[in-house]
Amino acid sequence: MASRKAAGKAAAKRAQRGSSNVFSMFEQSQIQEFKEAFSCIDQNRDGIISKPDLKETYMQLGKMNVNEDELDEMLKEGKGPINFTVFLSLFGEKLNGTDPEDSILSAFKILDPNATGNINKDELKLLLMTQADKFSDEEVDQMFAVTPIDVAGNIDYKSLCYIITHGDEKEDS
């Protein structure tokens, strides 16, 4: 019995250490941004990301027919209820050793359900001005000034990712 208690205390300490290490992986500003993202996804504001939360988030991003199995797989990654600490540790695992360009590209791909390589300028502007860390008109205009936009108003997001991570050649000359 005593050894079970000791094992339980050791497991609790490991869990506590594990969660506190998660917070040390990120700067305070990053943690705040993750908190905002978590709040956007946690649609019912119960502190846990559930399947209905994910479904609603996808619907808000324009993806109406989300595969139930995909949602289940996402939730399984948390190995239990996904509260903010679990959410943060999942991102820590995913981002550890990840190329920032790949991360940004993955985010844009969510907005491109047909995998065209493009996103509509007006749709992106709406998202940037209404979600999470809201952009101002001026900030959007500054971004679009260096963004490759075709005559139909579509943005080649792979080129935009390159500009975001490496800078714009026009700025350098």
Side-chain angles (χ1 to χ4, degrees), residues 7-8 10-135 154-165:
K13 274 215 184 290
R14 273 195 308 276
Q16 183 182 8
R17 225 183 4 253
S19 66
S20 64
N21 285 343
V22 169
F23 290 94
S24 67
M25 292 173 67
F26 301 102
E27 292 180 24
Q28 194 57 44
S29 62
Q30 291 174 304
I31 292 171
Q32 187 57 42
E33 287 182 30
F34 282 122
K35 196 167 276 204
E36 288 174 25
F38 182 86
S39 294
C40 288
I41 298 168
D42 181 21
Q43 297 286 319
N44 62 6
R45 306 286 183 251
D46 67 352
I48 304 289
I49 294 176
S50 62
K51 190 189 282 189
D53 291 331
L54 290 175
K55 229 181 213 179
E56 180 64 29
T57 301
Y58 270 109
M59 284 179 23
Q60 288 180 1
L61 294 171
K63 188 171 182 182
M64 302 301 168
N65 301 326
V66 186
N67 183 324
E68 294 285 326
D69 293 337
E70 276 183 59
L71 297 176
D72 289 334
E73 285 303 311
M74 286 181 197
L75 291 170
K76 278 185 201 165
E77 286 186 48
K79 297 174 182 69
I82 301 177
N83 61 20
F84 180 67
T85 304
V86 172
F87 180 78
L88 199 58
S89 58
L90 287 171
F91 271 95
E93 290 168 13
K94 296 273 185 209
L95 294 176
N96 194 6
T98 302
D99 179 11
E101 192 169 351
D102 287 341
S103 299
I104 296 168
L105 201 54
S106 293
F108 278 119
K109 284 180 181 177
I110 291 171
L111 304 173
D112 181 21
N114 299 324
T116 62
N118 295 305
I119 51 176
N120 180 273
K121 169 188 159 191
D122 295 329
E123 289 177 27
L124 180 60
K125 181 177 182 173
L126 179 68
L127 284 171
L128 290 173
M129 294 181 73
T130 60
Q131 301 296 314
D133 223 0
K134 296 172 182 67
F135 278 44
N154 292 314
I155 296 170
D156 172 358
Y157 59 80
K158 289 177 186 157
S159 297
L160 179 56
C161 283
Y162 185 85
I163 291 168
I164 290 169
T165 56

Of all heavy-atom pairs linking I82 and M74, the shortest is CD1-O, 4.2 Å
Run K125 and M129 through side-chain contact (heavy atoms from CB on, under 4.5 Å) and show every step you take.
CA-CA 6 Å; K125 181 177 182 173; M129 294 181 73; 3.6 Å; yes
Taking atom CG of N65 as the centre, does the number of heavy atoms from other residues, nucleotides or ligands within less than 6.0 Å exceed 12?
no
So which atom in N118 and which in D156 form the shortest heavy-atom distance, rounded to 0.1 Å?
OD1-CA, 3.3 Å
What distance separates T57 OG1 from I49 CD1, expressed to the nearest 0.5 Å?
7.5 Å
Strictly by modelled atom types, are Q43 and Q60 linked by a side-chain donor-acceptor pair under 3.5 Å?
yes
Could you state the interatomic distance from OG (S50) to CD1 (I41), rounded to the nearest 0.5 Å?
11.0 Å
Mind checking what makes salt bridge (charged side-chain N to carboxylate O under 4.0 Å, His left out) contact with D72, not counting sequence neighbours?
K51
Do you know the tightest heavy-atom contact between K55 and E68?
NZ-OE2, 2.5 Å
Is there side-chain contact between L111 and L61, with at least one heavy-atom pair below 4.5 Å?
yes
Residues in ring-ring contact (aromatic ring centres under 6.0 Å, His included) with F108, at least two apart?
Y157
How many angstroms lie between CD1 in I104 and NZ in K158, if you round to the nearest 0.5 Å?
15.0 Å
What is the ring orientation for F91 with F34, classed by angle as parallel under 30°, tilted 30 to 60°, or perpendicular over 60°?
tilted
Donor-acceptor pair, distance only, cut-off 3.5 Å: does the side chain of D112 make one with the backbone of G117?
yes
If you look only at pairs with a residue in residues 29-45, which of them pass as a salt bridge (Lys or Arg N to Asp or Glu O under 4.0 Å), with sequence neighbours excluded?
none
Between CG on residue D53 and CD1 on residue I48, distance to nearest 0.5 Å:
9.5 Å
In Å and rounded to the nearest 0.5 Å, what is the CD1 to CG distance from I155 to D122?
9.0 Å
Measuring from L105:CG to Y162:OH, what's the distance to the nearest 0.5 Å?
14.0 Å
